[in-house]
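This report refers to the structure that appears directly beneath it.
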Amino acid sequence: MAYLSTDKVEHHFHDVVIIGAGGAGLRCALQLADANCRVAVVSKVLPTRSHTVAAQGGMNAALGNVSSDHWHWHMYDTVKGSDYLGDQDAIEYMCRAAPRMVRELEHQGVPFSRLDNGTIYQRPFGGQSREFGEGGQASRTCAAADRTGHAILHTMYQQNLRAGTHFYDEFFALDLMMDDNGCQGVMAWDIAEGRYHLFQAKAVILATGGAGRIFQMTTNAHICTGDGGALVLDAGLPVEDMEFFQFHPTGIAGVGPLITEAVRGEGGYLLNGEGERFMERYAPTAKDLASRDVVSRAIAVEIREGRGCGPNKDHILLKLDHLGAELIMKRLPNIHELALRFADVDCTKEPIPVLPTAHYTMGGVPTNRFGEVVYADGDEKERVMESLYAIGEAACASVHGANRLGGNSLLEIIVFGRACGDQVLKHLGEKQYHPKLDPDCWKSGVARVERWLSGAPEQDDSVRISGIRDEMERIMQEHCSVYRNEAVMAEGVEHLERTAASLSSASIKDRGRVFNTELVEALELENLMGLARAAASGALARTESRGAHARDDYPERDDEQWMKHTLASIGENGVKLDYKPVRTVPMSVDSFPPKKRVY
Ligand SMILES: Cc1cc2nc3c(=O)[nH]c(=O)nc-3n(C[C@H](O)[C@H](O)[C@H](O)COP(=O)(O)OP(=O)(O)OC[C@H]3O[C@@H](n4cnc5c(N)ncnc54)[C@H](O)[C@@H]3O)c2cc1C
């Protein structure tokens, strides 16, 4: 092909290309590399800087080391936690696989904390059944102190180096190469050298993580810009359930970094401005360990009704000093450091000021439980998009439904990373050769970058991307927060559409090709904007309250109308919404029918 002889685009052939080197991408890569596949991992940052490294509290599995437990209870808790929007076949698959996956990680080298009898340490987390254990609380979350994600990510990276996975670090995926036969590869930009690379593959896997950066206050790293969802939207496919965004109850007030739920699991609790342990009123049984949506709403109500803490009554306090310095330094050393650094608080002596903070993207690229990307055709039948897969926080399988339980995401990335690897191996058995490429397939990826670097005619030097990003984050924070209603959201959607339109006239100052971080920010902003629009429009349309989507004007869950997943795509006329049914039938056990959620 002519363009390959130019120095414009470097061409690579792999069996599989995985975009993303977090826990999901690396677990999947390991499955493939160990089966002698030629697998490439493309990541916009060095693999060990992926957001998985920041995960603190742990990973759920019904090992029953501390309390008695069973995967079926784990499944029940997850379905209930999802407010009955989770797909029960995928949830059963994940919860059944969990104990085996934790043991496998341990054998691969993850240094889990230990109990005195040598078994893996487990702590209680929010939303776990109370039928077991002392004090009526299951302890299901396996932890490596409060640095569980760090331990998992580094172990996965080392295992991949051993297995011979090919890494392309600091490469930014720009565009999926789609044709009538599905996905043929991906175009990427080498950030350090400023060159284009075409990755041709028999399967492409999106493992690009969450999109927390659509909000102003978030626990998410700067790189969590929802790039996989945006690539799918650009390919004309929908994203699922983006209106369900988890607010973690305990981000450090004013700045955002996360104080893990493990603090409450170890016995910490929340206090309002009157010194009251207010969660006892909202969740009499589970109290501070109710699920995250419940606790975040309770905090919002306390502050709104004037019972916040501090001179402005604008936050809540998380007390843990009564646990003692020894336990804090053994089980929560990272929290001690974060509180000191970001809030100037020594948590062995004083409580930490906290506020609900955008944390986790329940929605994402629609997949089945094998990681295959699915879409509905004209006849509404769900189909698999050939050679395209998605896993981890970028995907919507949907195991979290309307609200994720803490500790289920590290589990999801490992379980579905592995399952997707197995599914791709089957696919490769049928697809031996790389199909012929459309000779123009590289052009739209290149055009996406060149538009910024060459200064397209419509660009105006006075319209800066930083201003547009601030505006988008502000709109999402103010119009699509913990509590929502028609008027506020409608205004938000309108502002957001206007802000999105202004992106076409925005420009960047740095026109260089080598390590142009302003260019990367511009590309990320394009990605964020698509997902923010999908989230805001989906939220406005959903006239009920379910999980993380809480509306003042529709306070009840409406199973008759809304027991369905939202599918949002973006066309010339803006955001288009569609819906598909929830998969309520598990693989082998009886379905859990919707009930009122009480904690
Ligand atoms: C502070 C914090 C604490 C958490 N604690 C817990 C916990 O205790 N337990 C739990 O279960 N969950 C926790 N979570 C959630 C969990 O950590 C994440 O959902 C999970 O790690 C996501 O893994 P991932 O592999 O899907 O994505 P990530 O780890 O986010 O990795 C995404 C990868 O995609 C790459 N990428 C993205 N876009 C592009 C692009 N355009 N081109 C190339 N590469 C790209 C990035 O470079 C990165 O390698 C926490 C999350 C946060 C933010």
Side-chain angles (χ1 to χ4, degrees), residues 17-29 41-61 123 125-126 141-144 146-153 156-157 167-176 186-191 199 205-213 218-231 246 248 250-252 256-262 265 334 338 357-362 364-365 390-395 400 404-414 416-417 448 520 523-524 526-527:
V17 171
I18 301 177
I19 309 170
L26 292 187
R27 182 63 192 84
C28 188
V41 173
V42 171
S43 170
K44 65 181 175 179
V45 295
L46 293 174
T48 49
R49 301 193 64 176
S50 304
H51 188 64
T52 298
V53 83
Q56 302 171 354
M59 163 172 177
N60 294 338
R123 54 166 61 109
F125 245 51
T141 307
C142 309
D146 57 354
R147 298 184 178 121
T148 316
H150 185 277
I152 291 176
L153 189 66
M156 284 299 109
Y157 186 48
F167 283 96
Y168 295 88
D169 298 343
E170 298 183 328
F171 276 49
F172 192 99
L174 294 168
D175 192 35
L176 296 175
V186 58
M187 278 296 295
W189 168 255
D190 175 353
I191 300 171
F199 290 92
I205 302 170
L206 304 170
T208 49
R213 287 278 151 187
T218 172
T219 65
N220 281 199
H222 286 273
I223 55 172
C224 298
T225 51
D227 297 4
L231 289 175
Q246 178 165 79
H248 195 293
T250 59
I252 297 180
L258 178 74
I259 299 298
T260 170
E261 193 166 294
N334 192 35
L338 282 175
T357 304
H359 181 56
Y360 185 83
T361 317
M362 262 84 71
V365 180
I391 45 175
E393 193 168 338
H400 310 301
R404 173 179 76 99
L405 292 189
N408 264 358
S409 176
L410 287 179
L411 174 61
E412 174 194 14
I413 62 179
I414 298 300
F416 292 103
R448 202 180 155 193
V520 171
L523 298 169
E524 288 179 336
E526 289 174 340
N527 293 345

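In each ligand, atom 1 is the first atom listed, and ligand 1 is the first ligand listed.
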Relative to [atom], which among [options] owns the nearest non-hydrogen atom?
atom                    : options                        : answer
atom 42 (N) of ligand 1 : Ala54, Gly256, Ala173, Gly23   : Ala173
atom 18 (C) of ligand 1 : Glu261, Glu393, Met59          : Glu393
atom 32 (C) of ligand 1 : Thr148, Thr141, Asp175, Thr208 : Thr208
atom 25 (O) of ligand 1 : Pro47, Ala21, Ala24            : Ala24
atom 40 (C) of ligand 1 : Ile18, Leu410, Asp227          : Asp227

Could you tell me whether the side chain of [X] and the main chain of [Y] form a donor-acceptor pair under 3.5 Å?
X      : Y      : value
Asp146 : Asn334 : yes
Asn220 : His359 : yes
Thr218 : Ala358 : yes
Thr148 : Ala143 : no
Gln56  : Thr260 : yes
Arg213 : Ile223 : no

When you look for heavy atoms under 4.0 Å from ligand 1, do you find them on the side chain of [X], its backbone, both, or neither?
X      : value
Ile413 : side chain
Asn408 : backbone
His359 : side chain
Ala207 : backbone
Arg404 : side chain
Leu258 : side chain
Phe171 : backbone

Less than 3.5 Å between some nitrogen or oxygen of [X] and one of ligand 1, yes or no?
X      : value
Tyr360 : no
Ser43  : yes
Thr219 : no

Spatial distance of atom CD1 (Ile414) from atom CE (Met59) [nearest 0.5 Å]: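 Separation between the atoms: 5.5 Å.
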Closest approach of [X] and [Y], non-hydrogen atoms and distance?
X      : Y      : answer
Asp227 : Thr208 : C-OG1, 4.1 Å
Phe199 : Ala188 : CE1-CB, 3.9 Å
Val17  : Val186 : CG1-CG1, 3.9 Å
Leu176 : Leu206 : CD2-CD2, 4.2 Å
Thr361 : Gly212 : OG1-N, 4.1 Å
Ile413 : Glu393 : CG2-N, 4.5 Å

Verify side-chain contact (heavy atoms from CB on, under 4.5 Å) between Thr52 and Leu410, making sure each step is shown before the conclusion. CA-CA 8 Å; Thr52 298; Leu410 287 179; 4.1 Å; yes
Nearest-neighbour protein heavy atom for [atom], which is reported as residue plus atom name and distance:
atom                    : answer
atom 52 (C) of ligand 1 : His51 NE2, 2.6 Å
atom 27 (O) of ligand 1 : Gly209 CA, 3.3 Å
atom 48 (C) of ligand 1 : Ser50 OG, 3.3 Å
atom 31 (O) of ligand 1 : Gly22 CA, 3.5 Å
atom 8 (O) of ligand 1  : Gly57 N, 2.8 Å
atom 44 (N) of ligand 1 : Lys44 N, 3.0 Å
atom 4 (C) of ligand 1  : Ala55 CA, 3.3 Å
atom 35 (C) of ligand 1 : Gly20 CA, 3.5 Å

For [X], take its heavy atoms, then give the atoms of ligand 1 lying under 4.0 Å from any of them.
X      : answer
Asn220 : 53 (C)
Gly392 : 26 (O)
Phe172 : 41 (N), 42 (N)
Val45  : 47 (O)
Thr52  : 20 (C), 21 (O), 22 (C), 23 (O), 24 (P), 25 (O), 28 (P), 29 (O)
Ile19  : 42 (N), 43 (C), 44 (N)
Val42  : 43 (C), 44 (N)

Looking at Arg404 and Glu412, is there a salt bridge between them, counting it only when a charged N and a carboxylate O are closer than 4.0 Å? no
Is it the case that atom CZ in Arg448 sees more than 12 heavy atoms from other parts of the structure closer than 6.0 Å? yes
Indicate whether the side chain of His400 and that of Gln246 have a donor and an acceptor atom separated by less than 3.5 Å. no
Decide whether the shortest distance between a heavy atom of Gly407 and an atom of ligand 1 is less than 4.0 Å. yes
Judged by non-hydrogen atoms, does Gly58 sit under 4.0 Å from ligand 1? yes
Under the side-chain contact (heavy atoms from CB on, under 4.5 Å) rule, what do Phe167 and Leu26 come out as? Steps first, then yes or no, please. CA-CA 10 Å; Phe167 283 96; Leu26 292 187; 3.6 Å; yes
